[in-house]
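Only one structure is covered here, and it is reproduced in the block below.
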Amino acid sequence: MLITHDTRCALDTVVDLVNTAPEDDTTPDALPDVAALAEFVRTHQISDVGVLSEFDLSAVRKIRSRFAGIFAAPDSRAAAQMINELIAAAGTTPRLTDHDGYDWHVHYFAPGASVADHLAADCGMALAFFVVTGERERLRRCEAPDCRRAFVDLSRNRSRRYCDSRTCGNRLHVAAYRARRKEAAG
């Protein structure tokens, strides 16, 4: 599967955005304020973003929730409907650009768009790519019982099960090994 640089950046951004949401009532929101949103924008090199406000923070949190719904969609038809609504509401305006040392790529957000519309358009189109190519099942949630982080499975055989094999995957493998050892000894 060929994924362009800008699509990969958008995928990384949408996954990281979805993962900023609290997993339950006991975990804090990783986008608690405008400063955290500004850091998210800086870290993900989101271009053409002006001064951020509480309105932007609220709008991005709503978009984040809609992206989470796409990861949880029961099938491609449902995901496509959610993506279409998200992109349409963002007022997409596809245009070619070659800014900040990057080669030609497509931006889908309108010039002067809010950060929420920017994310909805560019990240929505990156997710649409997976529906169009029949690869929606690559948009996953971690299978570790105590983790529900989002990730995109880009493994060749679509076999990735955990958001991070070094943490969630390794923890489960070690627990299974210890259980087998305990059972064999007992």
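Annotation: side chain of Val18 is in contact with side chain of Arg141 (closest heavy-atom distance under 4.5 Å). Residues Thr97 and His105 are in side-chain contact: their nearest non-hydrogen atoms beyond the backbone lie under 4.5 Å apart. The shortest side-chain heavy-atom distance between Leu11 and Arg138 does not fall under the 4.5 Å cut-off. With a 4.5 Å cut-off on side-chain heavy atoms, Arg161 and Cys168 do not count as touching. The side-chain heavy atoms of Phe109 and Arg95, taken from C-beta on, include a pair separated by under 4.5 Å. The shortest side-chain heavy-atom distance between Leu127 and Met82 does not fall under the 4.5 Å cut-off. Looking only at side-chain heavy atoms (C-beta outward), Met125 and Pro94 stay at 4.5 Å or farther from each other. Counting heavy atoms from C-beta on, the side chains of Ile63 and Val115 never come closer than 4.5 Å.
Contact between Asp117 and Ala89 at its shortest, heavy atoms only, is OD1-O, 4.2 Å. Of all the heavy atoms in Val131 and Ser76, the pair that sits closest is CG1-O, 4.2 Å. Across all their heavy atoms, Asp16 and His44 have their closest contact at OD2-NE2, 2.7 Å. When all heavy atoms of Arg136 and Ala79 are compared, the pair lying nearest together is CD-CB, 3.3 Å. Across all their heavy atoms, Arg160 and Arg140 have their closest contact at O-NH1, 2.6 Å. Summarising the geometry of Ser159 relative to Asp153, their closest heavy-atom pair is N-OD2, 3.3 Å, with the distance given to 0.1 Å.
Counting non-hydrogen atoms of other residues, nucleotides and ligands closer than 6.0 Å to CZ of Arg77 gives a total of 12 or fewer. Counted within 6.0 Å of CG on Asp24, heavy atoms from surrounding residues, nucleotides or ligands total more than 12; the atom is thus considered enclosed. When the shell of 6.0 Å around CZ of Arg8 is examined, it contains 12 or fewer heavy atoms from other residues, nucleotides or ligands.
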Assess the residue pair Asp56 and Val34 against the criterion (side chain to side chain contact (heavy atoms under 4.5 Å, CB included)); give the C-alpha distance rounded to whole Å, side-chain angles, the decisive distance to 0.1 Å, and a yes or no.
CA-CA 8 Å; Asp56 292 309; Val34 175; over 6 Å; no

Quick one: do Phe151 and Asp164 satisfy side chain to side chain contact (heavy atoms under 4.5 Å, CB included)? Show the steps, please.
CA-CA 9 Å; Phe151 68 94; Asp164 187 343; over 6 Å; no

Please test Phe130 against Ile3 for side chain to side chain contact (heavy atoms under 4.5 Å, CB included), starting from the C-alpha separation and ending with a verdict.
CA-CA 10 Å; Phe130 282 83; Ile3 298 176; 3.9 Å; yes

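In this structure, Arg149 fails the cation-pi test against Tyr162, since its NZ or CZ atom is not both closer than 6.0 Å to the six-membered ring centre and inside 45 degrees of the ring normal.
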